[in-house]
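Residue numbers start from 1 in every chain, and the chains themselves are labelled A, B, ... in the order their sequence lines are given, proteins ahead of strands.
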2 protein chains.
Amino acid sequence: MERLFYQISENEKEKLFRFLETNILTFPKNTIMLSNTKDKIIGIILKGYVQIIRTDYQGNRTIIEELEEGDIFGTILSSLDSDECEAITKENTKVLIIDYNSILSYQNTKYKYYNQFIKNLLEITTSKIEEKNERIEILTKKTIRDKLLEYFNIYAKKHGSKIIYLPFSYTNLADYIAVDRSAMSRELSYLKEEGFIETKGRKITLLYK
Amino acid sequence: MERLFYQISENEKEKLFRFLETNILTFPKNTIMLSNTKDKIIGIILKGYVQIIRTDYQGNRTIIEELEEGDIFGTILSSLDSDECEAITKENTKVLIIDYNSILSYQNTKYKYYNQFIKNLLEITTSKIEEKNERIEILTKKTIRDKLLEYFNIYAKKHGSKIIYLPFSYTNLADYIAVDRSAMSRELSYLKEEGFIETKGRKITLLYK
DNA sequence: TCCAAAAAGTTGCAATTGCAACAAAATATT
DNA sequence: AATATTTTGTTGCAATTGCAACTTTTTGGA
């Protein structure tokens with residue numbers, strides 16, 4: 001939210017909404033959020049909590065994304081478009097929907113903040129690409145050990161520190177690096193035994209290099 | 001190239017280059033293309049052929065991207081930024097470099113084609129996200145068989161056909177889905193035996209569903 | 001504070017995979 | 001057309017992993 005309207009005041013934001021095709025929708029807890037149109041949209045969670053769940057052809061369900069207040073989603077940002085995905089509200093949720101085509105077809109460029117908005121959108125999309133590249137870098141590693149180390153290295157470089165505070169549970173980490181949780185747990189034990197890392201809860205300390 | 005300057009004529013393109021901070025660089029065959037600045041850039045291959053190669057901490061080298069005439073790359077689009085990456089020209093190569101900050105800091109929005117340019121850039125970045133999502137969908141599958149089937153399904157859906165013409169070699173497919181080539185070859189044999197697919201060279205026919 | 005639920009750790013075992021080392025086939029190159 | 005190079009197919013074997021089943025620990029409500 002903040003990023004999408006970076007350097008745009010509340011006032012200007014309201015104006016922007018009038019230029020663009022926007023909609024505010026409210027969904028009760030545990031509803032399936034469906035886009036009524038087939039158009040591309042950008043959604044912003046104004047309030048609430050949503051899970052994006054994918055069911056594959058074998059019936060396996062996985063949470064592929066979790067969205068909180070301020071998070072941005074949509075046909076162009078996530079894989080919401082694929083038929084196998086559902087967005088389910090886990091709380092009362094209020095969502096702002098912006099029609100993507102109305103962003104791109106908007107011709108009246110005299111309105112200054114329109115450009116700022118587009119720039120912000122561009123920043124968000126490029127940082128999404130970076131995120132995806134990081135995950136791909138991890139997923140292409142062949143062993144669980146190498147996946148973990150790649151994850152650690154990326155985190156450490158980004159934060160400039162050898163101490164990692166996992167932003168989610170180990171269960172979620174296993175999903176993120178796409179390996180079996182118990183097998184990952186085993187590998188973490190080996191890494192500890194061999195003196196590469198130390199852990200205390202979700203705090204991991206890298207002892208190598 | 002076409003996409004970045006979609007609906008922008010050659011004339012307007014030239015004008016645009018004068019507004020933005022652009023540079024045309026030429027590299028001989030087998031040179032390492034280095035960005036002299038640390039700034040974010042967008043590059044466009046005007047002529048030639050480039051490979052982006054990553055060397056990880058174990059010394060394994062993998063081609064992570066191949067760029068031809070018209071392709072767009074850059075700090076914001078690929079993982080060129082990471083230290084482990086090199087871009088090596090495989091032919092005489094001419095590259096147009098656009099400073100990313102000059103795109104975003106450009107204030108004079110009176111110039112109509114500037115907006116078209118930004119919109120095109122946005123289209124390119126969002127379609128990159130889609131590409132990455134597809135690959136992640138494949139990479140998160142646990143077995144080689146499931147990875148292959150996911151690849152086939154995505155392709156088939158996109159082309160609306162049960163006949164697949166691999167856009168690259170089986171060796172490259174193995175890299176793309178991040179498995180051992182010979183193990184993939186074995187799995188393809190099983191799929192043939194079991195009557196799920198038929199292959200003739202790089203043409204694969206899906207016999208299921 | 002107690003209880004239920006979720007998360008995390010452990011381990012045996014079978015299935016899958018990577019690796020290595022080839023041979024055969026297809027492509028490029030001279 | 002002959003040769004070199006790359007791609008593809010095959011297979012044995014050891015290493016890695018997923019799966020299942022279970023225990024222990026942690027977390028979050030009532």
Side-chain angles (χ1 to χ4, degrees), chain A residues 29-30 49 51 53 56 58-63 66 90-91 138-151 164-194 196-205, chain B residues 29-30 49 51 53 56 58-63 66 90-91 138-151 164-194 196-205:
Chain A
K29 187 173 168 175
N30 289 320
Y49 177 58
Q51 289 181 336
I53 294 175
D56 68 18
Q58 287 172 12
N60 303 313
R61 290 167 69 81
T62 33
I63 301 172
E66 294 182 292
K90 290 287 145 188
E91 291 174 17
I138 292 164
L139 293 173
T140 51
K141 291 279 176 285
K142 268 160 275 150
T143 63
I144 294 182
R145 173 169 294 216
D146 283 344
K147 286 179 190 183
L148 284 169
L149 293 179
E150 185 68 23
Y151 179 85
I164 290 163
Y165 296 94
L166 284 188
F168 40 41
S169 66
Y170 283 95
T171 304
N172 289 336
L173 177 58
D175 283 342
Y176 184 74
I177 71 174
V179 299
D180 181 72
R181 185 196 58 78
S182 68
M184 183 189 84
S185 187
R186 173 171 40 204
E187 198 59 46
L188 282 168
S189 297
Y190 293 155
L191 284 169
K192 278 183 249 178
E193 263 181 40
E194 296 172 36
F196 288 112
I197 61 168
E198 245 170 27
T199 70
K200 187 168 186 210
R202 290 180 190 171
K203 175 183 170 187
I204 302 169
T205 310
Chain B
K29 187 173 169 177
N30 289 319
Y49 178 58
Q51 288 182 335
I53 294 174
D56 69 17
Q58 287 173 13
N60 303 314
R61 289 166 70 82
T62 32
I63 300 172
E66 294 181 291
K90 290 286 145 188
E91 290 174 17
I138 293 164
L139 293 174
T140 52
K141 292 278 176 286
K142 268 161 273 150
T143 62
I144 294 182
R145 172 169 296 215
D146 284 344
K147 286 179 190 184
L148 283 170
L149 293 178
E150 184 68 24
Y151 179 85
I164 290 162
Y165 296 93
L166 284 188
F168 41 40
S169 67
Y170 284 94
T171 305
N172 288 337
L173 177 59
D175 284 341
Y176 184 74
I177 70 175
V179 299
D180 181 73
R181 185 196 58 78
S182 68
M184 183 190 84
S185 186
R186 171 170 44 201
E187 199 58 46
L188 282 168
S189 296
Y190 293 155
L191 283 169
K192 278 183 250 179
E193 262 180 42
E194 296 172 36
F196 289 112
I197 62 168
E198 245 171 26
T199 71
K200 185 166 189 216
R202 290 179 190 172
K203 175 183 170 188
I204 302 169
T205 310

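- What separates CZ of B/Arg181 from C1' of C/dA23 is a distance of 12 Å, to the nearest Å.
- Counting to the nearest Å, the C1' atom of D/dT16 and the CE atom of A/Met184 are 16 Å from each other.
- Rounded to whole Å, atom P of D/dC19 lies 17 Å from atom CD of A/Glu187.
- B/Leu148 has its side chain within reach of B/Leu173: a pair of non-hydrogen atoms, C-beta onward, lies under 4.5 Å apart.
- Within the 4.5 Å cutoff, the side chain of B/Lys147 has no heavy atoms near those of the B/Tyr151 side chain.
- What separates NZ of A/Lys142 from P of D/dA15 is a distance of 17 Å, to the nearest Å.
- Between the P atom of C/dT17 and the NZ atom of B/Lys141 lies a distance of 14 Å, rounded to the nearest Å.
- When distances are taken from the side chain of B/Arg186 to each of C/dT10, C/dA8, C/dG18, the shortest belongs to C/dG18.
- Counting to the nearest Å, the P atom of D/dT27 and the OH atom of A/Tyr170 are 12 Å from each other.
- With contacts defined as side-chain heavy-atom distances shorter than 4.5 Å, the pair B/Pro167/B/Arg202 does not qualify.
- The shortest side-chain heavy-atom distance between A/Tyr170 and A/Leu188 falls under the 4.5 Å cut-off.
- A tilted orientation is assigned to the rings of A/Tyr176 and A/Phe168, their planes being inclined by 30° to 60°.
- Between the NZ atom of A/Lys200 and the P atom of C/dA8 there is a distance of 16 Å, rounded to whole Å.
- We find the CG-CG distance between A/Leu166 and A/Asn172 to be 10.0 Å, quoted to the nearest 0.5 Å.
- In this structure, CE on A/Met184 lies 10.5 Å from CD on A/Glu187, to the nearest 0.5 angstrom.
- Residue B/Asp146 contributes atom CG, which lies 9 Å from atom P of C/dT17 at whole-angstrom precision.
- You'll find that the side chain of A/Thr171 is closest to C/dA7, out of D/dG18, C/dA7, C/dG18.
- Which of D/dG9, C/dG9, C/dT10 sits closest to the side chain of A/Ser189 comes down to C/dT10.
- In the set D/dG9, C/dG18, D/dG18, the nucleotide with an atom closest to the side chain of A/Asp180 is D/dG18.
- When heavy atoms are screened at a 4.0 angstrom cut-off, A/Leu188 is found touching no nucleic acid atom at all.
- Within the nucleic acid shown, B/Thr143 comes within 4.0 Å of sugar-phosphate atoms alone, with no base atom in reach, counting heavy atoms only.
- With hydrogens and angles ignored, a donor-acceptor pair closer than 3.5 Å exists between the side chain of A/Ser182 and the base of D/dA20.
- Rounded to 10°, the angle separating the first-five-pair axis and the last-five-pair axis of the helix from C/dT1-D/dA30 to C/dT30-D/dA1 equals 60°.
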